[in-house]
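Here's the structure, in structure tokens; my notes come after.
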Amino acid sequence: MQEGSFIWTHLEKQHRVVEKKIDWLWLIILLLAAVLLFTINLGGLPLQNGDEATVAQVAREIWQAPADSMGWLYPTLGGKPYQQTPPLMHWLIAWAYALGGVNEWTTRLPGAILTATSVPLLYCIGREIFRQRWAAIYSSLIYLTMLPVVRYGRLAMLDGAVVSFLILMMWFVLRSRRDLRYCLGVGISFGLICLTQGMTGIYLGAIVLVFLYWDTPRLLTCYYFWMGIFIGCLPIFFWYGFQLFHYGYPLNLDVNKSLSHIQTITHSSSEAPWYYLLEICKWTWPWLIFLPQTIRIIRENNNLSWAKLIIVWCGISLLIIALISFKLPWHILPIYPSLALAFGFQLADMENIPLFSGYPRTWVTGLAMLAVGASACSIYFTGRTVDKVELQIIFAAVALTMTLAAILAERGDRQFLRILIWGSYISLFLLMKSNYWIWELNTAYTVKPVAAMITKINPAVKKIYTSFPYHRPSLDFYSERTIIPVSNSDLQYYWQYDIQPYFLLNTSTLQNLEISSIKVVDQVEDGQLITK
């Protein structure tokens, strides 16, 4: 009897060792696939005009600040105090500048690597809440092949890092239900979120509290849990305390006000509360075709931990960001991991269906429609200019993927999932390798030639006035000047009363201004740099 028990214990230990080896293998595969997708052609395009350029400018000023100026603790933007968010991401980028110089690649690398690590981290969450390994695998691969996750995760913005820290925090929360020592990791992760995006950490922390209240309420009364939260929050308390002590006036902690500066960057306005639902509907394909069945299976299992986590994670995130007046596409990133977990469980559940069984007609129809749409786009770009060939190839890859997946799904062959995942990954790889993955760059004039023109003037000139209707932080970053948009009447005022003003104007504005003694410093396309 004892010998049999010993053999059983030995076999169980061997099984656990094999399981851990398989998990580590998948973690390495997912990390390598993510790093490749998130870093390919990372520095090939200029910085996006928005948060990306602002983050880069703050990071460069931290890097350039004298060692005794405490610039890393009191960051600036254009020489003025920068208090919109704590500077964790800016510190990482400044460190990358110190190692590799100031360029697009070093600017985006810290955020890209952090977001890439969120892929294997999501696999860890899947292994905690799902019984089947395939549910964790599918969840990670779906998350990896979501266009918004890859595109915004590659940009030098805060949201990719926040999502990575959020997934890490959720994993610690799930682990702490079995081992209270992981409560310290919950607090540290929460502190990292707050050090990255300030008040955003509060609503992401609310997801944890609501989930625990619903699923594991005993943790909310646990001394170790709150001690971990307190320890994790110490750095953010110290940072805000130093700001208050140094500047001597209350900081702006209001979320809406802290986001209001983006309106001048993106010339956006307040959107409807359902704005983010539309964003999900626009950019979550092809995985959105599984949504009806996924909602049904979550509703049927809403008493299980994984369903509770997904409901709370997705629901609270959508509710809170819908209440913020200024809505931007990348603020929805924290929702995508929960969607990936939901879709991953749905797809893993299909592994139990007998081979060549029928799949819902909506899946086949959805894949067929995507195939037709991608084929039409590929044909549209056929025979156009050489620079459009990349788009033709990308849409052709999407069309081929959707066509093969639709055919296999029609036959009831579960291999259509492998085709869908591989094809989506390759299509995203082609897009990121092209010059079209930041399509917002084509909405206004090209920044780099204009910045190169501005850098030719006297370095002592730090302010240039422009007739362009809104502020472009990317132009400030590349020109290392402050470019201020003003009205025509203000332009005439500065021209009359400034000793040596510099204007960046387009041809039509220059013709309408009543100014004289004009000296054209340089001209690029429709833009002219003039002075007296």
Side-chain angles (χ1 to χ4, degrees), residues 50-65 69-98 107-108 110-111 113-115 118 152-153 155-169 185-206 208 228-262 265 320-321 324 326 328 330-331 333-334 473:
D51 275 8
E52 191 177 33
T54 301
V55 170
Q57 180 67 23
V58 174
R60 183 168 64 183
E61 293 185 22
I62 292 174
W63 173 63
Q64 293 175 338
S69 67
M70 300 291 285
W72 64 273
L73 186 58
Y74 308 110
T76 59
L77 176 61
K80 298 179 180 179
Y82 178 80
Q83 299 174 352
Q84 301 294 346
T85 58
L88 177 58
M89 195 66 193
H90 311 82
W91 290 339
L92 295 176
I93 297 174
W95 180 62
Y97 287 164
T107 301
R108 293 176 177 138
I113 295 299
L114 280 174
T115 314
S118 68
Y152 294 127
L155 296 176
M157 299 191 299
L158 311 180
D159 300 83
V162 167
V163 170
S164 183
F165 297 143
L166 172 63
I167 295 175
L168 181 63
M169 180 173 66
V186 176
I188 293 174
S189 304
F190 179 71
L192 290 173
I193 294 173
C194 294
L195 273 177
T196 304
Q197 214 170 40
M199 293 297 99
T200 301
I202 294 178
Y203 93 75
L204 296 180
V208 172
I229 295 293
F230 175 75
I231 294 174
C233 289
L234 283 179
I236 193 67
F237 289 156
F238 278 119
W239 187 83
Y240 278 117
F242 277 116
Q243 305 308 302
L244 288 169
F245 178 79
H246 181 73
Y247 293 110
Y249 55 85
L251 297 179
N252 180 6
L253 303 182
D254 181 76
V255 175
N256 279 327
K257 290 182 179 178
S258 67
L259 295 175
S260 62
H261 72 289
I262 302 173
I265 295 172
I320 294 181
I321 62 177
I324 298 176
F326 289 99
L328 294 168
W330 48 87
H331 290 165
L333 276 184

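- Checked by atom type and distance alone, the side chain of Glu61 pairs as donor or acceptor with a backbone atom of Gly78 at under 3.5 Å.
- A 4.5 Å side-chain heavy-atom check between Ile321 and Tyr203 finds at least one atom pair inside the cut-off.
- The backbone N or O of Ala156 sits less than 3.5 Å from a side-chain atom of Glu52, completing a donor-acceptor pair.
- To the nearest 0.5 Å, atom CD1 of residue Ile236 and atom CZ of residue Phe190 are 9.0 Å apart.
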| message | Assess the residue pair Phe242 and Met70 against the criterion (side-chain contact (heavy atoms from CB on, under 4.5 Å)); give the C-alpha distance rounded to whole Å, side-chain angles, the decisive distance to 0.1 Å, and a yes or no. | response | CA-CA 11 Å; Phe242 277 116; Met70 300 291 285; over 6 Å; no
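- In this structure, Thr54 and Leu77 have side chains that are in contact, with non-hydrogen atoms separated by less than 4.5 Å.
- Taking the six-membered ring for Trp and thresholds of 30 and 60 degrees, Phe230 and Phe237 have ring planes inclined between 30 and 60 degrees apart.
- Between Tyr152 and Val163 the shortest side-chain heavy-atom distance does not fall below 4.5 Å.
- Two residues are said to be in side-chain contact when any heavy atoms from C-beta on lie closer than 4.5 Å; Gln57 and Tyr82 fail this criterion.
- Put simply, the side chain of Trp91 gets close to the backbone of Trp72: a donor and an acceptor are under 3.5 Å apart.
- Counting only distance, with no hydrogens or angles, the side chain of Ser164 and the backbone of Ala161 share no donor-acceptor pair below 3.5 Å.
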| Hey, mind stepping through Leu158 and Trp330 against side-chain contact (heavy atoms from CB on, under 4.5 Å) and telling me if it holds? | CA-CA 9 Å; Leu158 311 180; Trp330 48 87; over 6 Å; no
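- Taken to the nearest 0.5 Å, the CZ atom of Arg108 stands 14.0 Å off from the CD1 atom of Ile113.
- Using a 4.5 Å heavy-atom threshold, the side chains of Pro81 and Tyr74 count as separate.
- The shortest side-chain heavy-atom distance between His331 and Asp159 falls under the 4.5 Å cut-off.
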